Amino acid sequence: MKRELEACFDAALVRLGWIAPSGSLIERPRETGHGDYSSHVALRLAKSLGKSPLAVAQTIVSNLPPAFEIERIAIEPLGFINIHLSQEALLRELARMMDGTHPYGHSPPGATRVLIEFVSANPNGPLHIGHGRGAAFGDALARVLEATGSCVEREYYVNDAGRQMDILALSVWIRYREYLTRVTQAFPSAGYQGDYIRDLAGKLVGAEGSRFLRDDERAPLPPDTPESDGADRHVDARIALMKEALGDEDYAAVLDFARGQMLELIRQDLLEFGVRYDRFYSERSLYTEGQVNELIRLLAERGETYTQDGALWFRASTHGDEKDRVLMRSNGAYTYFAPDLAYHLDKMRRGYDRLINVLGSDHHGYAPRIRAGLEALGEDPHHLEVRLVQFAVLYRAGQRVQMSTRSGSFVTLRELVDEVGRDAARFFYVMRSETQHLDFDLDLAKSQSQENPVYYVQYAHARIASLFRECAERGLELDQSDRQDWERLDQPLERTLLTILIRYPEVLEQAADGSAPHLIAQYLRELAQAFHAYYHAVPLLVSERSLRNARLSLCFAARLILADGLSLLGVSAPSKM
RNA sequence: GCGCCCGUAGCUCAGUUGGAUAGAGCGCAGCCCUCCGAAGGCUGAGGCCACAGGUUCGAAUCCUGUCGGGCGCGCCA
């Protein structure tokens, strides 16, 4: 609708030989008295034309091509042009909504290929509530992009190489020996202490029996002190002893087992959260397939590296990063930056039109570093779109729920979903702009009343479903064949509801363009409210057939949009509650 | 100290890429079921858009500075 009107205005400007100003010609006025749409082109053009805005507006309006969409057009003294839509235009949109072959507001799949990487949490523990927000946001964004015609792939980058995997293996192995020997072992403070490690150890016993049972207590160990890096040195020594005790092959077997199980746990958590990935991309594969080495070679060829203090550095500061970055440490081990950059180079080369990275806000230093690397490699760094998701803080009974990663006693995504349900969790996560810190009120998310926005929206959907069940019982099925009936939709509340419904395509477009799924949540609340008001004020199951058909059609359309919007957020649309 | 994000109603937040008199929800004060779901509806009060400058026909929105909050700044991951 907006697009049609914009075309009209464009045509008028072309006819007049005036150059359209940048930005949108048509917008939604916030005052309902200012029409369904309005334009401020005249104000923008007045100065360059040397005429008054009012005169410009009058000229434009008199040059508009005739359009059936427009019922009435009003020029305000300031120069605003206000457009009131015809009922015919509204009903044409209603017909599009009711058309079952194509969801209203969606675009058919096009050629644009998008890769969206999100969550990508390290596989050394279960997902927590911070990851949950990234998951809800990333997946909703993916769904919105799909709905607006993009071909989307969801990808999870698995940091399954390096020291943290060693720590995971060690942690599991210690619990494994405890499990078998019933003797409590000294547990390193830098190890992973959560109960899930015990679960993994139990599974290891189930799968492999006691074949990894060895002793590692021989050498004197560095003390496990919190001062300086005592804990790190201690854990590294324990890892070395473990490797020695098990031998390379068995060590790799334990590590692979722990890694595989951990990944499976994460995959399962995400699946139950309604998030399905197309690909889990392994960091380790970048080593085994030589991409890390190739990256280093490419950078060196381009003169982007140098050696200092025995380490290999990348000249990041010449590409906009605040300082140079180490690629390979003096001990010969790669930093995480090297494979991460190799990964992003690989993504670039796979030929997507858009690359989106959803990261936690604590990773904001990461983007300039990767961009610097891509630029040094001759890629366009702006091709990578980074969305930073701010933290979520849980509140229970008005009190902040403390989150501590130490001792592994953080709130997991699974616990959150168990407590408030998947629908509430997903809706609350994406209800606010991802740039905002999120206060997640657990009590509100659980409450089943109007104060809870999820229930409010879902209730509107269930209410319509119930209405149609009532119809069926009374033998008053909706007859969609006769669209002449729709002209009976002449109540102000019906017009209000219709104008909200026809806005849906614009909301989707805006949410897709701005990576802003929260706009959909906002919109659904508004739509639900308009429906509830309508439902309350206007009798729907009236005896007169044509009037009843008209009103039921409107309800039917509202139901379709509510269900569609909820599904884009990954929230169910129940028929009964 | 440097960098990124954020300051809008008592609380939690929108604000359509610079437009008209500033928008919701919750909370608060009232009112509304003989009726298709009251898990609902209606009405009301509540604002110096953190502060100070600047840009222009026009600023919550853009620029600069100040104050306040969150986060990040390793040969960690």
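Throughout, a chain's letter reflects where its sequence line sits, starting with A, and its residues are numbered from 1. The structure presented is a predicted model; accordingly, all values stated were derived computationally and were not measured.
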Separation of atom [atom1] in [X] from atom [atom2] in [N], rounded to whole Å:
X        : N     : atom1 : atom2 : result
A:Asp439 : B:G70 : CG    : P     : 13 Å
A:Asp441 : B:G25 : CG    : P     : 18 Å
A:Asn122 : B:C76 : CG    : C1'   : 11 Å
A:Lys51  : B:C57 : NZ    : C1'   : 17 Å
A:Tyr535 : B:C32 : OH    : C1'   : 16 Å
A:Ile500 : B:A14 : CD1   : P     : 20 Å
A:Phe337 : B:A77 : CZ    : P     : 14 Å
A:Met328 : B:C76 : CE    : P     : 14 Å

Margin query: Show the nearest heavy-atom pair for residues A:Ala558 and A:Ile464, with the distance to one decimal.
Written below: CB-CD1, 4.0 Å
Mind checking who [N] pairs with, Watson-Crick or G-U wobble, both distances under 3.5 Å?
N     : answer
B:G65 : B:C51
B:G1  : B:C73
B:G25 : B:C11
B:C36 : none
B:A45 : none
B:G18 : none

How is [X] classified with respect to the nucleic acid when contacts are heavy atoms under 4.0 Å: base, sugar-phosphate, or nothing?
X        : value
A:Val393 : nothing
A:Ala533 : sugar-phosphate
A:Phe391 : sugar-phosphate
A:Glu283 : nothing
A:Ala46  : nothing
A:Glu526 : nothing
A:Asn124 : nothing
A:Arg369 : base
A:Ser466 : base
A:Pro368 : nothing
A:Leu444 : nothing

For [N] and [M], measure between their [atom1] atoms and round to the nearest Å.
N     : M     : atom1 : value
B:C13 : B:U17 : P     : 24 Å
B:A20 : B:A59 : C1'   : 14 Å
B:C71 : B:U16 : P     : 28 Å
B:C57 : B:G15 : C1'   : 23 Å
B:C4  : B:G46 : P     : 40 Å
B:A9  : B:G41 : C1'   : 23 Å
B:G68 : B:G30 : C1'   : 38 Å
B:G44 : B:G25 : P     : 12 Å

Next item on the list: Have a look at A:Phe440 and tell me which of A:Tyr395, A:Phe428, A:Phe391 forms a ring pair (Phe, Tyr, Trp, His ring centres under 6.0 Å) with it.
Entry: A:Phe428
Check: Would the A:Phe531 and A:Tyr535 ring centres measure less than 6.0 Å apart?
Finding: yes
Checklist line | Distance flag, aromatic centroids of A:Tyr429 and A:Phe137, threshold under 6.0 Å | finding: no
Note to self: Taking A:Leu85's backbone N and O only, do any of them form a donor-acceptor pair with A:Asp36's side chain (distance below 3.5 Å, no angle check)?
What the structure shows: yes
Next item on the list: State whether A:Arg329 places a side-chain N or O below 4.0 Å from either non-bridging phosphate oxygen (OP1 or OP2) of B:A77.
Entry: yes
Notebook entry, point to check: Any side-chain N or O of A:Tyr456 less than 4.0 Å from the OP1 or OP2 oxygen of B:G41?
Noted result: yes
Next item on the list: Name the residue closer to the 5' end of RNA chain B, choosing between A:Arg463 and A:Met431 according to the nucleotide with the nearest heavy atom.
Entry: A:Met431
Margin query: On RNA chain B, compare the nucleotides closest to A:Gln529 and A:Glu470; which residue's is nearer the 5' end?
Written below: A:Gln529
Check: Do the charged groups of A:Arg488 and A:Glu544 touch, with an N to O distance under 4.0 Å?
Finding: yes
Next item on the list: Considering only NZ, NE, NH1 and NH2 on the basic side and carboxylate oxygens on the acidic side, decide whether A:Asp236 and A:Arg163 come within less than 4.0 Å.
Entry: yes
Next item on the list: Could you check if the base of B:C6 is syn or anti? Syn means the glycosidic torsion is within 90 degrees of 0.
Entry: anti
Next item on the list: Please work out whether B:U16 sits syn or anti, treating a glycosidic angle within 90° of 0 as syn.
Entry: anti
Notebook entry, point to check: Can you find a pair of side-chain heavy atoms, one from A:Gln491 and one from A:Arg551, that are under 4.5 Å apart?
Noted result: yes
Item checked: Straight-line distance of A:Leu13 CG to A:Leu45 CG, nearest 0.5 Å -> 6.5 Å
Next item on the list: Mind checking the CE-OG1 spacing from A:Met1 to A:Thr499? Nearest 0.5 Å is all I need.
Entry: 11.0 Å
Notebook entry, point to check: Where the side chain of A:Leu519 is concerned, which of B:C75, B:C13, B:G15 is the nearest nucleotide?
Noted result: B:G15
Notebook entry, point to check: Nucleotide by nucleotide, 5' to 3', does protein get under 4.0 Å of the base (B), only the sugar-phosphate (S), or neither (-) in nucleotides 16-22 of chain B, counting heavy atoms?
Noted result: B--BB--
Next item on the list: For a side-chain contact (heavy atoms from CB on, under 4.5 Å) with A:Gln390, tell me which candidate from A:Gln436, A:Arg432, A:Arg133 qualifies.
Entry: A:Arg133
Next item on the list: Name the orientation class of the two ring planes belonging to A:His344 and A:Tyr366 (parallel below 30°, tilted from 30 to 60°, perpendicular beyond 60°).
Entry: perpendicular
Margin query: Parallel, tilted or perpendicular, judged at 30° and 60°: which one describes the rings of A:Phe80 and A:His40?
Written below: perpendicular
Filtered N/O pairs between nucleotides 4-7 of chain B and protein, under 3.5 Å:
| residue | atom | partner | partner atom | Å |
| --- | --- | --- | --- | --- |
| B:C5 | O2' | A:Gln390 | NE2 | 3.4 |
| B:C5 | O2' | A:Thr435 | O | 3.4 |
| B:C6 | O3' | A:Gln436 | NE2 | 3.4 |

